[in-house]
Amino acid sequence: MPVPGPGYSITVRLEAPPSASAAGDLTTAVGEVGGVLTAFDVVESHADAIVVDITANVLSADHAEDITKALNALQGVNVRKVSDRTFLMHLGGKLEVSPKVALRNRDDLSRAYTPGVARVCQAIAANPDDARRLTIKRNTVAVVTDGSAVLGLGNIGPAAALPVMEGKAALFKKFAGVDAWPVCLDTQDTDEIIAIVRALAPVYAGINLEDIAAPRCFEIEARLREQLDIPVFHDDQHGTAIVVVAALRNALRVVGKPIEKCKIVVSGVGAAGSAIIRLLLRKAPADIVAADIDGIVHTGRPNLDNNLRWVAENTNRENVSGTLHDALVGADVFIGVSAPNLFGAEQVATMADDAIVFALANPDPEIDPLEAQKHAAVVATGRSDYPNQINNVLAFPGVFRGLLDAHAHQIDDDMLLAAANAIADVVDDRLNASFIVPSVFDAAVAPAVAEAVKSAVKGQEVASTA
Ligand SMILES: NC(=O)c1ccc[n+]([C@@H]2O[C@H](COP(=O)([O-])OP(=O)(O)OC[C@H]3O[C@@H](n4cnc5c(N)ncnc54)[C@H](O)[C@@H]3O)[C@@H](O)[C@H]2O)c1
């Protein structure tokens, strides 16, 4: 049964009689139709009436309507206005540009802008590396999308993707002090996206690709990495892979199994699943069996695209075919980044003892976590209302902080694994079956990830010059 959460929250402004029972009547009315009351504020008081703001979490527009009707039906109550608090938060956007220099007088102006700025331009023209020292490039990341795979909403286009990209930029700033800017492109043509990102790259020290559909995202990232001298990171792929690898390291500690002896089933071989498989292979598990909407991925399956062929050739040692349910038999670990409600407790029962289940499809996981818990030793989801939330926020701010601080020109799997280890290490001795990853609000995470990534970049520079 879904529970109203803060993602859909309304404030109802109403007039009510100033009676002693008014507050009780109003809050009871909200509760009786299933609203979760979070605030009750008297904003005006008169001899014959009070004006009250009632704030409540609701499930849907219909549910908000039910609550409004229930309040309006009370004797002497008159609803004036209903506001959606989520929309209020987005009014006018969530970001702004704010200058770091004072522009108080002619002297300031002459140095921040013309004529003084010309000498700074000439310095950069003479030595392009100075752009990182003398411009916003040092700390700025582009959050690039074509709006083709936005959250679970699908291909809603670049303008509709902007609220998500603004939110991403806000998270970059909040958790790691990175200045990120949304770049929503009105094209879904691979060559055109690559050409545009290449052309705008001089302003940025990193490119975060976001919500670009598979398989196009693989080619865009690979070609941009070849063409640019700044790191290119598709968060839906690598942010997810980092956090999954971190969580799995700790989950395996809980059950006391070495990864080299584990059979891992990955459901979903799109952006997230492919990147998880590639990073997990670096940890040398006993086997990985991947499955998607057409069943288990094996070399004999017809119509494999480049990505699926690579997966088929690098997983599934015994080249088995069949369904996800077949794959689960005897598996130690399930990692789902695919679709809701694909199996139940009876399939978890067929897995090995002390099974680990990461059901990460959003908003509804591959299996209800309460069902999974009947037979699994550790369960994780992408949801904030269950323990063990696998969320990319644990990775991308610190990853880019580290890359920017190291003046990195590229990103590789060693840096991703360093980030994963850093996240896993933050848990330390707090580890148990319900705490395999730190909270997204743990202030220790981003600095730890940044430091680990920075060290990995530096280590690699030393190795490449040795
Ligand atoms: N919690 C997290 O941290 C996190 C991170 C990334 C993705 N996700 C979730 O994982 C899911 C996939 O994300 P993506 O970006 O990789 O999407 P995608 O579209 O790139 O890939 C989806 C994959 O799931 C497979 N699939 C779809 N329906 C299926 C079904 N009925 N049975 C088996 N496989 C099925 C597809 O064949 C494809 O391989 C989404 O629900 C997303 O929200 C969660």
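Just follow the structure's listing: the first ligand is 1, and inside any ligand the first atom is 1.
- Closest to atom 12 (C) of ligand 1 by heavy atom, among Thr381, Ile293, Val337, is Val337.
- Looking at Asp428 and Arg430, no side-chain N of the basic residue comes within less than 4.0 Å of a carboxylate O on the acidic one, giving no salt bridge.
- The distance criterion of under 3.5 Å between nitrogen or oxygen atoms is met by Asn362 with respect to ligand 1.
- Under the 30°/60° scheme for interplanar angles, the aromatic rings of His238 and Phe233 are found to be tilted.
- Residue Ala291 places no N or O, backbone or side chain, under 3.5 Å from any N or O of ligand 1.
- Cation-pi geometry between Lys168 and Phe396 is satisfied (NZ or CZ under 6.0 Å from the ring centre, within 45° of the ring normal).
- Taking distance alone, with nitrogen or oxygen atoms compared against 3.5 Å, Gly270 approaches ligand 1 more closely than that limit.
- Among the atoms of Ile390, some N or O lies under 3.5 angstrom from an N or O of ligand 1.
- Using a cutoff of 4.0 Å between basic side-chain nitrogens and carboxylate oxygens, Lys454 and Asp405 are not scored as salt-bridged.
- The shortest N or O to N or O distance between Gly268 and ligand 1 is not below 3.5 Å.
- Remark: atom 43 (O) of ligand 1 lies closer than 4.0 Å to at least one protein heavy atom.
- With hydrogens and angles disregarded, no donor-acceptor distance shorter than 3.5 Å links the side chain of Glu260 to the backbone of Pro285.
- Ligand 1 has no nitrogen or oxygen under 3.5 angstrom from a nitrogen or oxygen of Ala214.
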